[in-house]
Structures are given as C-alpha cells and as structure tokens.
Amino acid sequence: HIHAVFGRFAHSDARHLPYTVADTTPRTEPLVQALDTLLQLPQLRVTRVEWQSLFDVAAVRQRFGLEEHDVAQLDTWLADAGVRWGLDAAHRKPWGIAPDMADANQNSWLFGIERLLLGYATGATDALATPWANTLPQAGVGGLDARVVDGLLQWLRHTHIALIKLRQDHTPTEWVAVLQQLVALFFKPSDEADERLIERVMAPLETWLAECQLARLDTPLPLVVVREHWMAQLQQPAMQRRFFGGGVQFATLMPMRSIPFKCVCLLGMNDGDYPRSQTPRDFDLMSDAAHAGSTSRDAHYAHSTHVHWRAGDRSRREDDRYLFLEALLSAREKLYISWQGRRTTDHEVKPPSVLVAQLMDYLNAVWTRSNDQGEPTPACVAPLQPLQAFSPKYFTQGSGFATYADDWQSALSSSAAASASRNALADSTSETSSAQAPTELTLQDLQRLLRQPVEVFLTERLRLRLDHPEEAAVEEEPFSLDGLEKYKLNQSIALADDAQHALAQLRLSGQLALAGFGEAQQNALLRDRDTLREQLDALLPQWPHTLRVQSAHWQLGRTHLSAEWANGQTLWRSNTTTSSAGTNKDTQWLQVSLRPGAVTEGKKENQVARIDTLSSLWLHHLAACASGTPTTSVQIGFDAAVEFQPIAADTAQAHLQHLCDAYLQAWAQPLPVAAKTACAYIMGLATEHKDPMGKAQTAFNGAYQKHGEYQDSPALQRVFNSFEDIAPSLADWADRLYAPIHKAAKVIHLSAESSHSSDSAEEAGT
C-alpha cells in the first residue's frame with residue numbers, strides 16, 4: 001500500500017515525494033516469494049495461475065526477455081490452447097494420472113505448446129484447423145511472435161532442469177551450487193535494486209555452507225530441510241538495515257528510535273491494535289508464578305487464568321506505552337495521529353487506542369481554546385477525515401480540511417461545468433434532444449435493445465463499456481461441464497454436418513474430460529444432437545433449398561433501418577429454386593434456430609414459449625416478413641419447438657417501427673425495465689401465475705442457488721439500485737417490448753417420436 005501511493009510518480013515528477021520503508025525483510029519481496037515458489041517445484045502441479053504469478057516478477061520477465069504485454073498475450077494463447085496444469089503426462093503421475101492412460105497428456109503444457117507450434121508451422125486458422133498426428137493446431141501465433149514463444153519455451157526447459165535437480169538429495173556444497181544455478185536460470189536483475197536484493201538473498205546460503213563445513217556435515221539433505229532453513233534466515237530482521245533514509249520514513253515503533261523528526265505520524269492507532277495484545281499460551285509457565293510451586297493439575301487450571309507479574313518480567317503493553325511516549329517526544333513541530341474512526345460494516349463509531357484517548361483527555365484538561373464567539377471549546381478534537389482524495393470537503397472553504405492535490409481541484413471544476421451543461425440539456429426542449437438521436441439503425445441495434453434495454457443508453461449514448469470481473473484461470477481438467485459450456489458444445493455439435501469430426505475437434509482441443517469421462521460426455525452430446533436433428537430432419541424436407549444472404553432497408557418515420565438476414569446466424573431455407581424476393585409469388589422462407597435446452601415453460605397442458613430466448617429469432621423474422629416474402633421461423637429445443645407464422649409486410653414494418661421508437665427512447669434515457677425480468681412477468685401472466693410481479697422480482701433478484709438478472713448485469717447495477725426502481729413501469733415496457741413476441745409464438749411438436757428426458761431439458765434450459 002505504501003509503494004502504491006508514494007510510488008505513483010516518477011522521480012522527475014514534481015509531485016514525487018522521496019520515501020523509504022524500513023523494517024522489511026527480503027521475504028516480503030516479490031522476487032523472494034517467486035524463489036520460494038520455485039523451491040516448492042517438486043510439489044507443484046505447475047498450473048497456469050502459478051506461471052502467471054512467477055511472471056508478475058520483473059526479474060523473471062527480464063530473464064526470459066518478455067514484457068508485461070507479452071505475458072498477457074501468452075496467457076491468452078495458453079488459455080485458447082487448453083493449458084491447465086502439469087508439464088506432461090509423466091509429470092502428472094504423482095497426482096494419479098498414469099502416463100499410459102488415454103489422453104493423459106491433455107490440458108498439460110506439452111499439449112498446449114504442441115498445438116501452438118503446429119498452428120505457427122501450418123498457419124492454420126480456427127475455421128481451417130485440421131488435425132495432424134493426433135494434434136489439433138491452435139491459431140494465434142504469427143511470424144513476428146517467435147520471440148515471445150521462445151521465451152515461454154526457455155521457461156519450460158529451465159523448469160524441467162530445475163525439477164530434475166530439486167528432486168534429488170545433495171550435500172550442502174552441492175546444494176549451494178544447485179541453488180545458485182536455480183537463481184541464474186530464472187532471475188535476471190532488472191535494476192540495481194534487484195541486484196542488491198539477489199546478493200542479500202544469497203548471503204545466508206553462503207553462511208550456511210560455512211557452518212556446515214565447520215560442523216563437517218557432508219550428508220545428503222532433502223530439499224525441504226534446505227528450503228526451510230534458507231527461507232527462515234530471510235525472514236529474520238537484519239541489524240544493518242537502513243533506518244534514516246531521508247524523505248518520508250516509514251517504520252514500526254521500536255526501542256532506541258527516539259530520533260527527532262519535524263513531523264511524526266502514527267497511523268492505525270485503533271483500539272485493540274495498540275497497545276498490542278499478547279495472546280496467552282497454556283504452555284507458557286512463566287506467565288503464572290503460582291504454577292511454579294504447584295504440583296496439582298487442578299491447581300494449574302485454577303491459576304492459569306491469572307497472570308502474576310513480577311519485577312523484571314517483560315510486558316508488551318508497557319513496552320508499547322513507552323514507545324508511544326518516545327514517539328511523542330520525537331515530534332518537534334507536528335504530531336499526527338489517526339485511527340479507523342468508523343466501522344466498515346455498519347459505520348458505527350470505533351474508539352481510538354486507549355493511549356490516544358488518554359492523551360486527548362489530558363490535553364483537554366490542561367488546555368482550552370475559544371471559538372469565534374469567544375466560548376471555550378475542547379483543545380483536542382478528532383475530525384472524521386474524508387477517505388477519498390476527491391471529496392468536496394477538501395475544496396470547500398471553512399470545512400477544516402485542505403489538500404495539496406491540485407489535479408483534483410481541476411477535476412472538480414470540470415465536473416461542475418459538466419453538471420451545469422447537463423442541467424441545461426435537461427431543461428431544453430424534446431425537439432433539441434431528438435435532433436441529436438441517431439437516425440440510422442441496424443438490426444443489431446434493435447437486438448441490443450431487446451437483449452438489455454439499459455445497455456443502449458450506456459453503450460451508445462455514454463459510450464461506456466462495463467467489463468465483467470475477469471474469471472480465474474482454470475486449474476483443473478474438465479471433469480464435468482457446467483450449463484453454459486454444455487450449451488455451447490451442444491450447439492456446435494448440433495449445427496455440424498459431421499458429428500464425429502466435430503467431437504474429435506472438441507477432444508483434441510481439450511474441452512472434454514479424460515478417458516471414460518470424455519466418452520460419457522461424447523455420448524451425451526450425441527444423444528442431445530440426435531434429439532434436435534430428429535426434429536430438424538422432420539422439418540427440412542419441405543424446404544429443400546438453402547437461402548443466400550438477404551438485405552433490405554426501410555424508412556420508418558424519422559429512422560432509416562438497415563437489416564441483413566440469412567448470414568449464418570441461423571439456418572435459412574427456401575421452398576423454390578430462386579431466392580430473390582418477388583420473382584415468384586409462391587416463394588416462402590424458413591428460419592430455424594437450434595437451442596440445446598428448454599424452449600417452453602409451464603406444465604404440459606399450459607406450455608408457453610420462453611420469450612427470453614426468442615429476441616434474435618423474432619427480429620430476423622420481422623425483417624424477412626417486412627421485405628414482402630412470407631417467412632416461418634422455428635426454434636427447436638429438447639422439449640418442443642416454438643413457431644412464428646408469416647406476418648403481413650405492413651404489420652412487420654409496424655412492429656419494427658415500434659422497436660425503433662423504443663430504441664430512441666432508450667438512447668435518450670435509461671428505460672426502467674430489465675429484459676429477463678420483463679419476460680418473466682409476461683410469461684407469468686400467460687401461465688396464470690398467482691403473482692406475476694413476484695415472479696418478475698424473483699427473476700430480477702434471484703433465488704436460492706440461482707443468480708438473478710441484477711447480479712449478472714453490470715449495466716443494471718450501474719443504473720438501478722433495486723427492483724423497486726423498475727417496478728412501477730415494468731408492466732408497460734414489458735407489454736411494449738416483449739408481449740408481441742409472446743403473442744406471435746406458438747408451441748408445436750415437430751416429431752412425435754422424438755423425446756428427451758425432462759430432467760435433461762430442464763438442466764440444459766437452466
């Protein structure tokens with residue numbers, strides 16, 4: 001935290017404050033922590049996360065000639081190549097994976113490196129990847145990336161060498177040579193500070209060797225003994241540490257440090273933290289003098305709770321009181337004391353340390369001052385300090401607070417100007433606002449509206465990109481698939497012309513489990529594909545011809561809408577030999593979407609379509625119908641199918657115009673509606689749910705072991721605080737945006753013979 005605050009600016013920057021940090025040990029340095037990780041290499045699974053932590057150290061990156069952006073690029077490639085843990089099949093043996101087992105090498109470093117190098121050699125892309133020698137090339141590495149990949153290969157070679165050395169027992173003389181080689185293999189100083197640190201780290205090792213030679217210890221020792229001793233020496237404080245280094249000095253309160261300073265700041269003086277409390281130990285016989293003369297076990301327990309202090313016994317609390325007094329005497333011009341005044345959970349007041357409270361009481365007892373009205377006031381008052389550097393209190397005259405950060409002052413002035421501009425814009429007429437709204441829209445814009453209406457205002461009006469938290473790198477091979485992974489794999493297998501080839505691609509890319517687990521997953525994927533394809537095969541014979549890409553344009557009021565369909569997102573077929581609209585009055589089109597999950601909701605006698613999965617199908621259906629060609633759209637799922645019948649061209653254009661108008665409103669200000677929540681409300685009405693609004697609230701907030709839409713959407717979290725913010729207008733916007741989808745959707749059963757277990761359908765749908 002100290003380096004994060006005081007090390008923000010370069011030494012040449014006028015805002016830089018010189019500072020030094022005392023009382024640190026090498027063990028807290030990232031380089032030493034990386035060395036400690038390498039010393040545990042025989043016990044490590046060598047996951048991608050452990051690789052990332054090593055290359056966070058500048059000296060490690062310098063050794064292999066990599067920059068920070070190179071490491072980020074390598075991590076992306078390794079994730080795409082399926083690297084998770086283990087150097088190779090032989091390295092995985094201690095963790096129960098036999099080297100001769102089928103696919104034992106899958107998701108290892110060798111597995112991923114072979115894929116990357118084959119992709120580099122063949123120049124393959126994702127679309128044209130063809131297996132060679134049972135290895136699937138991974139695209140990504142280009143001709144100019146050889147330097148980056150070479151650094152990764154060097155790290156793997158050095159890791160293999162280190163494993164061989166560290167797994168063996170050595171004599172002390174041999175161990176010193178091995179560990180010196182280990183440091184040379186993985187670290188290269190990036191600056192003078194790293195050079196000094198490496199010298200400081202190696203010094204205890206040389207001292208240990210000299211002691212072993214004096215003791216004539218030449219017995220081979222295991223790694224754990226050497227490692228524990230070496231790291232313990234690095235943990236101990238050194239007497240030659242520099243304390244008075246100039247500038248702002250950070251240190252702990254220690255005896256014999258009563259050096260005068262112009263300003264002394266005591267931070268973190270919380271009640272319970274200072275004076276430091278020492279936890280009593282039941283085996284500490286010195287803490288109870290009565291136990292020394294007692295031979296009875298009962299007497300020991302009777303007296304163990306009472307500490308009898310004797311003259312000469314050390315008291316940590318008394319030491320801290322004396323150190324506090326020394327710090328007060330060391331301050332020559334200013335004494336600054338701070339503590340956590342409020343609790344972080346409920347903002348309740350937290351008292352300071354008892355020593356600080358006593359000091360304040362003493363000052364108030366012997367010294368008073370007068371306010372502006374001449375009334376006496378306490379001399380020592382502890383104001384609650386604003387935690388943010390940009391707090392307006394620091395820039396308000398008479399608030400009692402001040403700041404030297406003039407960059408925040410300029411930001412505050414800019415914010416005030418922007419606020420005045422926003423207020424003026426809000427007071428302007430609606431004609432002025434609509435003149436700035438977009439007049440050219442595409443089908444993707446309307447799809448963004450239906451997917452999440454509030455995103456239109458954030459992404460298109462404010463140009464914000466709200467990122468999701470990065471997911472942690474996967475450290476286990478895929479034993480089982482979660483709902484999203486299974487959905488994606490099912491969809492890719494269902495749309496593939498050759499299912500066996502697609503499964504081979506998945507297996508060679510490391511997306512399926514090992515051995516028998518992988519076979520079970522393949523069988524399940526094939527069964528799901530057969531269920532979807534059986535319904536699809538019952539439908540396609542009536543539509544023998546594939547439709548090419550189509551496009552159209554409409555002027556809908558003040559909005560010009562451009563649309564394109566049959567561009568590969570879904571299956572499109574035609575029942576005539578020609579695909580040009582208007583050349584044949586009997587021409588009709590078919591749009592088919594395969595969804596490996598449930599497409600309906602409710603009991604069998606009262607099934608309704610899941611409209612939260614139909615927005616894309618609905619928009620393409622409207623565009624095709626609005627072009628003048630009758631179009632039927634079908635979404636096939638495990639449990640049934642949902643169909644949109646052809647709509648008249650003028651009716652389809654009217655629907656598109658309503659959506660364009662809604663888009664302009666969403667662009668002007670955030671609409672008080674959430675997509676899945678509104679769909680849940682519409683489906684609750686359709687299934688005669690006793691409380692449709694309650695169902696919508698559950699969809700918004702979530703339920704037991706089920707995430708709500710609010711938790712999964714950064715856009716909703718940015719705009720709304722709770723469900724109550726959208727509840728008053730939810731019914732109106734749900735009727736405008738999603739009710740037409742429900743009214744047009746019809747649940748059908750394409751094949752009576754096809755069936756899928758309700759449990760599987762419900763799981764995939766969830």
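Applying the side chain to side chain donor-acceptor pair (under 3.5 Å) test to every pair with at least one member in residues 723-741, sequence neighbours left out, gives these pairs: Q665-R736, S722-E724.
More than 12 non-hydrogen atoms from other residues, nucleotides or ligands lie less than 6.0 angstrom from NZ of K695. A 6.0 Å sphere centred on NZ of K488 holds no more than 12 heavy atoms belonging to other residues, nucleotides or ligands. Counting non-hydrogen atoms of neighbouring residues, nucleotides and ligands closer than 6.0 angstrom, the CZ atom of F517 reaches no more than 12 such neighbours.
With values rounded to the nearest 0.5 angstrom, H347 atom NE2 is found 4.5 Å from R342 atom CZ. Atom CG of L446 is separated from atom OG1 of T559 by 9.0 Å, given to the nearest 0.5 angstrom. Between the SG atom in C660 and the NE2 atom in H655 there is a gap of 13.0 Å [rounded to 0.5 Å]. A distance of 13.5 Å separates CZ in R533 from CG in D528, rounded to the nearest 0.5 Å. Annotation: the span from Q522 atom CD to R527 atom CZ amounts to 12.0 Å, rounded to 0.5 Å.
Between D445 and R448, at least one side-chain N (NZ, or NE/NH1/NH2) sits under 4.0 Å from a carboxylate O, which counts as a salt bridge.
In this structure, a donor-acceptor pair under 3.5 Å is present between the side chains of T570 and W572. Using modelled atom types, one finds no donor on one side chain facing an acceptor on the other under 3.5 Å when comparing T631 with H621. No side-chain N or O of S551 forms a donor-acceptor pair with one of E564 less than 3.5 Å apart. For T613 and Q635, the side-chain atoms include at least one donor-acceptor pair closer than 3.5 Å.
Ring pair F457/W667: centre-to-centre distance not below 6.0 Å.
Checked by atom type and distance alone, the side chain of T600 never pairs as donor or acceptor with a backbone atom of A609 at under 3.5 Å. Remark: the backbone N or O of Q340 is paired with a side-chain donor or acceptor of N270 at under 3.5 angstrom. Looking only at distances, a side-chain donor or acceptor of Q711 sits under 3.5 Å from a matching main-chain atom of G708.
Ring geometry for Y710 against F700 counts as tilted: the plane angle lies between 30° and 60°, on a 0 to 90° scale.
In this structure E455 satisfies the salt bridge (Lys or Arg N to Asp or Glu O under 4.0 Å) test together with R451, sequence neighbours excluded.
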